[in-house]
Amino acid sequence: MSELNNLQKASIPGLLVALGIVFGDIGTSPLYVLRPVMADKPVSELLVLGALSCIFWTLTMQTTIKYIFLTLKADNKGEGGIFALYALLRHKEGKWLIFPAMLGGSMLLADGVITPPISVASAIEGLSIIYPNIQTLPIVIGILLGLFLAQPFGTEKIGKFFGPVMLVWFTTIGIVGLASLIGNLGIIRAINPFYAFKFLSQYPNGIWLLGAIFLCSTGAEALYSDLGHCGRQNIRFSWSFVKLALILNYFGQGAWLLKHIGQTYSSNFNPFYSIMPNWFLSFGIGIATLATIIASQALISGSYTLVNEAMRLNLWPKLEVDYPSEQRGQIYVPWINWFLCICCIGVTLFFRESKNMEAAFGLAVTLTMLMTTVLFAAYLDSRRTPKPLIKLYLTVYLLIESSFLVANLVKFFHGGWVTLLIGGSLFYVMWTWYQARFIYRKYVQFQDVKEAIPC
C-alpha cells in the first residue's frame, strides 16, 4: 500500500521515469504528423494555420482533458489501461462491456505493430538529407531486430537512461521549434479554434486531413496504460512540459512553412528536419533515433502488460511470462515478443518507407479511443456521476472520435487494412477464448473427492 501511495506523489525521479516510459509515442509524433498534411499541396496560410489549430485542440481535448484529467482517475489498484478499466466494471455493469474491452485491447496491440516501424523509419530517413543515396530500410530493420533480441535480457540497466534521453529530446525539439517561430510570432494565432473550424469547413477536403492530424495524439491511449509504472501525478506534471515542447515544435514547423507560401512539397519532404540548421542535423537525427527506439521499447513493454492483463481476465490463452529483472512491473512474454518482431519487420518490408506507413497508422487506435470513451462513461455511471455530465462527456468525445474515425477510414485501402487485419485477428483470439470458457463450464462438473471415493 505504501508503494502505491508513493506512486501517486510527484517526484523528480518519477517525472524522469514518466518522460522515458509514458510519452515516447506521443513525443515522437512531430517526426511524421505535418508531412502527410502538407504533401503535394501548395502551402497556404489557411492550410498551415488550420492544421496547427487542429493539432493544438486535438492535444488539448483528447490528451489533456480526456486522458490526463479524466481517464487517469480510473485506476484499478494503481494500474491503468483499457483492461484495468474493464476490470473495475465487470462485476458492476452489464456483460456487454466485454465487447468494447476486447475490441479496444486488440486494436491497441495492433497499433503497437505499426508504431515502432513508422517511428524508427521517420527518424532514420533523416539521414537521406545528409547522404542522399543511403538505403535506410536495412538500418530500420536492424534496429527493430536488435530491439526485440534484447527483450529477454530486460531493460533495467538501459532503462535508467530513458528519462534523461527523453528529457534531452523534448528540450531539443522545443528549442528548435522556438528558434523557428521567433521569426514569425504570428503563427501563435493558430491557437484560436476559429482557424480549425475555417480549415475544416473551407479548405478543400480539409475534413479528410483529420486522419493525418489525428496522429499527433496516438500515444494518449498508451499513456493511460502506463499509469501503474509511473503514477498519476508524475504523468500529469510531466505532461505540461511535454505538451509545451510539442506545441513549440509544431508551431516552429508551421512558421517555417509560412515562409514558403505557394510552394508544393512531395511526400518525401519532412518539415521536422527542415527547421534544423545544417550543422545541427547530425545530432538531431541521432537524438530522434534514440527517442524512437525508447518509444518503441515503451510500446513493446506495454504490449506485454496488456496481454498479461488479458490472461488474468481469461481473455487470452495462458502464455509463459518471465520477469527478466527486479524492476517494478517489468515482464517479458516470449510469444508476444516474437509475434511483434515478425509483424514489425513484415510491416517495414511491406511499406518500405514511413510515408507509406502513415496510411496504416491511426485507424486502429481511433477504435481503441472510442472503446475507452464507452467504458469510461460506464465508469462514471458506476461512480454515480450526474447523468447530464455523462451525456455531455459522451456527446463531445463520441463526436470528436467519430470524426477522426471517418477521416481515417479513407486510409483503409491505402494500408489501413493491415492494422485492422492484425487487430481483427487478435480480437478473434480473445473472443474465441472468452466463449470457450463458457463451453468449458457447461460441460465440466466438479465433484467433492470425498463423495467420489468409497468409504
Side-chain angles (χ1 to χ4, degrees), residues 28-56 58 118 121-134 136 173 175-192 194-216 246-282 284-285 288 353-359 361 407 410-411 414:
T28 52
S29 58
L31 277 164
Y32 46 75
V33 171
L34 280 177
R35 180 173 58 185
V37 175
M38 300 296 164
D40 303 318
K41 307 174 193 68
V43 177
S44 66
E45 185 174 87
L46 176 59
L47 176 60
V48 174
L49 292 179
L52 289 177
S53 185
C54 287
I55 289 171
F56 177 83
T58 298
I118 191 175
S122 297
I124 294 299
E125 285 168 4
L127 289 172
S128 60
I129 302 173
I130 305 174
Y131 309 103
N133 297 321
I134 192 172
T136 59
I173 64 172
I175 291 175
V176 169
L178 179 62
S180 178
L181 69 85
I182 282 178
N184 189 359
L185 292 177
I187 196 72
I188 298 176
R189 290 176 293 164
I191 294 176
N192 188 338
F194 167 76
Y195 289 99
F197 174 78
K198 187 177 180 181
F199 170 71
L200 296 175
S201 60
Q202 296 184 17
Y203 190 81
N205 298 317
I207 189 71
W208 302 114
L209 291 176
L210 279 177
I213 290 169
F214 175 75
L215 300 182
C216 74
L246 292 174
I247 293 300
L248 286 174
N249 194 266
Y250 282 124
F251 278 49
Q253 293 182 45
W256 186 91
L257 287 165
L258 284 183
K259 296 177 182 177
H260 300 82
I261 294 288
Q263 292 196 31
T264 301
Y265 297 98
S266 70
S267 56
N268 291 319
F269 167 76
N270 193 338
F272 176 82
Y273 288 118
S274 297
I275 65 175
M276 292 184 179
N278 290 332
W279 58 267
F280 189 77
L281 266 176
S282 297
I285 295 170
E353 296 181 67
S354 62
K355 65 178 182 180
N356 301 325
M357 299 177 198
E358 288 157 1
F361 197 33
V410 178
K411 300 178 177 183
H414 300 281

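Just so we're clear, the structure is a prediction, and the values are computed from it rather than from any experiment.
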Return the CZ to CG distance between Phe199 and Leu49, rounded to the nearest 0.5 Å. 11.0 Å
Kindly determine whether Ile173 and Phe272 satisfy side-chain contact (heavy atoms from CB on, under 4.5 Å), including the steps that lead there. CA-CA 9 Å; Ile173 64 172; Phe272 176 82; 4.0 Å; yes
For the pair Tyr265 and Trp256, name the ring-plane relationship: parallel under 30°, tilted 30 to 60°, perpendicular over 60°. tilted
On a heavy-atom basis, the closest approach of Tyr250 and Val33 is OH-CG2, 3.4 Å
Short side-chain to backbone donor-acceptor contact, Asn249 and Val176, under 3.5 Å: no
Interatomic distance, Phe194 atom CZ to Ser201 atom OG [nearest 0.5 angstrom]: 8.0 Å
Minimum side-chain heavy-atom gap Ile187-Val48 below 4.5 Å: yes
Does the side chain of Pro30 reach to within under 4.5 Å of the side chain of Leu246, using non-hydrogen atoms? yes
Is there a side-chain contact between Leu209 and Leu47 in this structure, where contact means two heavy atoms from C-beta onward sitting under 4.5 Å apart? yes
Closest contact, heavy atoms only, Ile285 versus Leu127: CD1-N, 3.7 Å
Ser128: partners by side-chain contact (heavy atoms from CB on, under 4.5 Å), with sequence neighbours left out: Ile134
Answer yes or no: is there a donor N or O on one side and an acceptor on the other, between the side chain of Ser122 and the main chain of Ile118, under 3.5 Å? yes
So, does Tyr273 use its side chain to make a donor-acceptor pair with the main chain of Ala123 at under 3.5 Å? yes
Measuring only between side-chain heavy atoms, which start at C-beta, is Leu34 closer than 4.5 Å to Leu52? yes
Does atom CZ of Phe197 have more than 12 heavy-atom neighbours, drawn from other residues, nucleotides or ligands, at distances under 6.0 Å? no
Using every non-hydrogen atom in the two residues, find where Ala51 and Met38 come nearest and quote the distance to one decimal. CB-CE, 4.5 Å
Let me confirm one number: the OG-NE2 distance from Ser274 to His260, rounded to the nearest 0.5 Å. 8.0 Å
Locate the shortest heavy-atom distance separating Leu200 from Gly206; write the atom from each residue and the value. CD2-O, 3.9 Å
Using the salt bridge (Lys or Arg N to Asp or Glu O under 4.0 Å) rule, collect all pairs that involve residues 35-53, keeping only residues at least two apart or in two chains. Arg35-Glu125, Arg35-Glu358, Glu45-Arg189
Minimum heavy-atom distance between Leu210 and Cys54, given as atom pair plus value: CD2-SG, 4.5 Å
Look up atom CZ in Phe251 and atom CG in Leu185, then write down how far apart they are to the nearest 0.5 Å. 12.0 Å
Sequence-distant partners of Thr264, side-chain contact (heavy atoms from CB on, under 4.5 Å), two or more places apart: Pro42
Of all heavy-atom pairs between Ala212 and Pro36, which one has the smallest distance, and what is that distance? CB-CG, 3.8 Å
Short side-chain to backbone donor-acceptor contact, Thr58 and Phe214, under 3.5 Å: no
